[in-house]
Amino acid sequence: MSYKLGIIGAGKIGEALLSGAFAKGLFSPEEVILSVRTESHRQDLESRYKTAATLDNRLVAANSDIILLTVKPKAIVDIVNAVADCLKPGTLIVSAAAGVSLDVIESRVPGFVAVVRAMPSLAMLVGEGMTVVSPGKNVSAEQLGAAMKLFGSVGRAMQLDEQHMDAVTGLSGSGPAYVYIIIESLADGGVKMGLPRDAAIQLAAQTVLGAAKTVLSTGEHPAKLKDQVTTPAGVTIDGIMELEEGGLRVTLIKSVVKATERARQLLHK
Ligand SMILES: NC(=O)c1ccc[n+]([C@@H]2O[C@H](COP(=O)([O-])OP(=O)(O)OC[C@H]3O[C@@H](n4cnc5c(N)ncnc54)[C@H](OP(=O)(O)O)[C@@H]3O)[C@@H](O)[C@H]2O)c1
């Protein structure tokens with residue numbers, strides 16, 4: 001019995017990743033094993049994905065090339081301690097648990113096990129996740145490539161040093177919530193000016209999507225793109241003046257700072 005991918009804690013994040021990896025043909029159901037805590041959830045996963053599914057984390061740990069840890073942060077230490085002695089050489093552990101450092105896991109598993117820390121986002125569900133990946137001490141280029149490919153199957157994956165993880169959590173981890181508020185507020189503006197609510201939300205969301213795609217696909221600095229759509233003495237510059245007066249820039253900067261500081265406090269030892 002051997003699996004290419006084992007997911008310990010196949011909840012929202014684990015499932016989103018699994019669906020994306022299947023959709024991209026990275027794995028077939030026979031190559032995957034999942035574990036959860038409750039029998040009803042196990043049965044549900046088994047019937048929906050046709051993969052092996054178990055309540056036994058050691059079965060996953062002993063038989064998977066890549067082990068994805070997507071349990072809640074507070075459960076990580078107990079689970080890693082419980083499976084450490086059955087890990088085999090060459091195993092790659094990928095932990096998506098927020099605030100759990102590489103050292104917490106590396107110090108509990110044998111030296112021949114490689115560990116990668118990842119900070120994903122739930123936009124993986126629509127194939128637009130942003131995942132930052134930090135390799136630990138023993139990670140080979142091939143293993144890092146496998147982790148990048150896995151998260152790349154559900155959006156973008158970027159490698160950064162672990163020291164940046166708290167800022168990543170404060171920006172791309174918490175960022176979807178900020179952007180939902182921006183979309184809602186733009187739509188409110190449209191509603192205030194008489195647009196039907198549904199139309200206003202669609203206009204606002206597609207505007208954000210289009211602007212984001214333009215930044216990513218052109219690689220241009222956002223300020224340059226803003227200048228391109230701001231006609232002298234036109235309409236947009238009046239809107240920008242209101243944004244500046246309302247302090248949108250500094251508010252967004254401060255929200256990332258605060259969330260980063262909060263992420264720093266949440267460290268799970
Ligand atoms: N959600 C996000 O947007 C997000 C973003 C970035 C990072 N993360 C990280 O991703 C991780 C998972 O988050 P999530 O939102 O996917 O949580 P979730 O939906 O609650 O999934 C966690 C899963 O772990 C299972 N589980 C609990 N205890 C277990 C055990 N002892 N052995 C095996 N499985 C166990 C649960 O199974 P049962 O259902 O059977 O209880 C559940 O399905 C967290 O560490 C979080 O920090 C989440």
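What's counted below: heavy atoms across the whole structure, side chains too, no hydrogens, waters or symmetry copies. Whatever order the structure lists ligands and atoms in, that order sets their numbers, starting from 1.
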Return the closest protein heavy atom for [atom] as residue, atom name and distance.
atom	value
atom 19 (O) of ligand 1	Lys12 N, 2.9 Å
atom 6 (C) of ligand 1	Pro120 O, 3.1 Å
atom 3 (O) of ligand 1	Leu122 CG, 3.6 Å
atom 11 (C) of ligand 1	Val71 O, 3.4 Å

Should [X] be counted as touching ligand 1, given the test is an N or O pair under 3.5 Å?
X	answer
Ile8	no
Met119	no
Ser121	no
Ile13	yes

salt_bridge([X], [Y]) N-O dist < 4.0 Å:
X	Y	answer
Arg42	Glu46	yes
Asp188	Lys192	no
Asp166	Arg262	no
Arg117	Asp103	no

Against heavy atoms of [X], which atoms of ligand 1 measure under 4.0 Å?
X	answer
Ala98	45 (O), 47 (O)
Thr38	38 (P), 40 (O)
Thr70	11 (C), 12 (C), 22 (C)
Gly9	23 (C), 24 (O), 25 (C), 34 (N)

Is it possible for you to say whether Met148 and Val116 belong to one hydrophobic cluster, with membership spreading through side-chain heavy-atom contacts below 4.5 Å? yes

For ligand 1, indicate whether the residue [X] contacts it via side chain, backbone, both or neither (heavy-atom separation under 4.0 Å).
X	answer
Ile79	side chain
Asn57	side chain
Ala75	neither

Atom [atom1] of [X]: over 12 foreign heavy atoms under 6.0 Å:
X	atom1	answer
Lys88	NZ	yes
Glu39	CD	yes
Gln163	CD	yes

Determine, step by step, whether Glu220 and Val215 satisfy the side chain to side chain contact (heavy atoms under 4.5 Å, CB included) criterion, reporting the C-alpha distance in whole Å, the side-chain angles of both residues, the deciding distance to 0.1 Å, and the verdict. CA-CA 6 Å; Glu220 291 286 6; Val215 171; over 6 Å; no

Any side-chain to backbone donor/acceptor pair from Thr70 onto Gly9? Under 3.5 Å, distance only. yes

Whether Ser95 side chain and Ala118 backbone form a donor-acceptor pair below 3.5 Å: no

Between Glu15 and Arg48, does a salt bridge (charged side-chain N to carboxylate O under 4.0 Å, His left out) hold up when you go through it step by step? CA-CA 11 Å; Glu15 257 202 72; Arg48 281 191 293 123; 3.0 Å; yes

Contact between ligand 1 and Ala96 is defined here as a heavy atom of the residue under 4.0 Å from a ligand atom; is it met? yes

Strictly under 4.0 Å, does any heavy atom of Pro73 approach an atom of ligand 1? yes

Winner among Ala82, Gly11, Ala97 once heavy atoms are compared against atom 21 (O) of ligand 1: Gly11

Which one of Glu39, His41, Arg37, Lys72 has a non-hydrogen atom at the shortest distance from atom 13 (O) of ligand 1? Lys72

